[in-house]
Amino acid sequence: MSPVHSVLLDLDGTLIDSRPGIAASALAALRSLGHAPDDTLDVTAVIGPPLQDMLRVLLQAHGDGRVDEAVVAYREHYGEIGLFGSTLYPGIREALQAMRDAGLRIYLATSKRELFARRILEHLDLISYFQAIHGSVPSGALDHKPELLAHILTEWNIAARDSLMVGDRRHDIAGAHAVKMRSLGALWGYGSRDELETAGADRLVENPDDLARAVLTMLRR
């Protein structure tokens, strides 16, 4: 019997360009703590890691260590406004359809709060493509990619050898390797080619139009 193949997909920088909404909520969080950040704040380099890590970096520029307070302010703004500032990368919907048509089981694996991820996918009419949505949870137990991916593999009885992680940052690649999965780096996202190659991505894909083909080729070797 042929194995059931699964693909685990990151969200920010892989399926969606979420930069405008993340930047708006980061600015709101900094201002709620009394800072006056520039409206042109570039958050590209800090998208991908857990939210606490992102805000810690942004707060350092202001000499402020109030990460927990910033997280609360960020999530309040993001839940009301920021999450709607996400757009689907061209070609992603078609890639998801092609992977589903090929019989792959598709899972979301994001460091974003699971509730927010689900609302974004519903807003963009993508939810039906996914077997399950997984992200960070209030306890903090799944904030980091190795723990998150291990949880998904266990929860759905997925064999690492029959699955693949797709993401745009080194955290996605390192997380995959930590649980013995192969990894595919998405070059249209927020991580550079050098970052993904240095992290040890098994393969890179240039654009969303080639995503389904690359995933199927890797899984069917």
Can you name the closest pair of heavy atoms from [X] and [Y] and give their distance?
X      : Y      : answer
Ala95  : Ala212 : O-CB, 3.8 Å
Ile120 : Ser86  : CD1-OG, 4.1 Å
Pro50  : Asp143 : CG-O, 3.3 Å
Val179 : Pro146 : CG1-O, 3.7 Å
Ile133 : Ala117 : CG2-CB, 4.3 Å
Gly191 : Leu196 : O-CD1, 4.4 Å

Atom [atom1] in [X], atom [atom2] in [Y]: separation rounded to 0.5 Å?
X      : Y      : atom1 : atom2 : answer
Tyr129 : Leu108 : OH    : CG    : 14.5 Å
Asp162 : His5   : CG    : NE2   : 5.0 Å
Ile173 : Leu184 : CD1   : CG    : 7.5 Å
Asp53  : Arg56  : CG    : CZ    : 5.5 Å
Phe130 : Arg100 : CZ    : CZ    : 10.5 Å
His171 : Asp168 : NE2   : CG    : 10.0 Å

Donor-acceptor pair, distance only, cut-off 3.5 Å: does the side chain of [X] make one with the backbone of [Y]?
X      : Y      : answer
Ser163 : Ala160 : yes
Asp172 : Arg169 : yes
Arg170 : Gly200 : no
Trp188 : Glu206 : no
Ser136 : Ser111 : yes
Arg66  : Leu33  : yes

Look at the side-chain heavy atoms of Ile, Leu, Val, Met, Phe, Trp and Tyr, link any pair under 4.5 Å apart, and say whether [X] and [Y] land in one connected group.
X      : Y      : result
Val57  : Val43  : yes
Leu187 : Met218 : no
Leu96  : Leu11  : yes
Tyr190 : Leu27  : yes
Leu219 : Met181 : no

Do the non-hydrogen side-chain atoms of [X] and [Y] ever get within less than 4.5 Å of each other?
X      : Y      : result
Leu8   : Leu164 : no
Leu9   : Tyr107 : no
Tyr89  : Thr14  : no
His77  : Ser32  : no
Thr44  : Arg19  : yes
Leu204 : Arg193 : yes
Leu126 : Leu88  : yes
Met165 : His177 : no

Test side chain to side chain contact (heavy atoms under 4.5 Å, CB included) applied to Leu124 and Thr87, step by step: CA-CA 8 Å; Leu124 296 174; Thr87 57; over 6 Å; no
Please check if atom [atom1] in [X] has more than 12 non-hydrogen atoms from other residues, nucleotides or ligands closer than 6.0 Å.
X      : atom1 : answer
Asp38  : CG    : yes
Arg105 : CZ    : no
Asp101 : CG    : yes

Geometric class of the His62/His35 ring pair [parallel <30°, tilted 30-60°, perpendicular >60°]: parallel
Residues Phe116, Tyr78; criterion ring-ring contact (aromatic ring centres under 6.0 Å, His included); working and verdict: CA-CA 8 Å; Phe116 293 155; Tyr78 196 77; 5.4 Å; yes
Basic-acidic side-chain contact under 4.0 Å: Arg75, Glu80: no
Arg93/Gln97 under side chain to side chain contact (heavy atoms under 4.5 Å, CB included): CA gap, chis, key distance, verdict: CA-CA 6 Å; Arg93 189 180 304 277; Gln97 184 67 52; 5.9 Å; no
Steps toward side chain to side chain contact (heavy atoms under 4.5 Å, CB included) verdict (Lys145, Asp10): CA-CA 10 Å; Lys145 278 290 165 71; Asp10 177 48; 3.3 Å; yes
Aromatic ring proximity Phe84/His123, centre distance under 6.0 Å: yes
Among Leu149, Ile152, Val4, side chain to side chain contact (heavy atoms under 4.5 Å, CB included) partner for Ile158: Ile152
Short side-chain donor-acceptor distance under 3.5 Å, Asp202 and Ser183: yes
Side-chain donor-acceptor contact under 3.5 Å, His151 with Trp156: no
Worked check of salt bridge (Lys or Arg N to Asp or Glu O under 4.0 Å) between Asp39 and Arg31: CA-CA 11 Å; Asp39 285 341; Arg31 288 168 179 154; 2.3 Å; yes
Evaluation steps, side chain to side chain contact (heavy atoms under 4.5 Å, CB included), between Leu55 and Val71: CA-CA 7 Å; Leu55 291 172; Val71 166; 3.7 Å; yes
Audit row: Glu114, Arg119, salt bridge (Lys or Arg N to Asp or Glu O under 4.0 Å) steps and yes/no: CA-CA 9 Å; Glu114 183 177 309; Arg119 289 177 62 193; over 6 Å; no
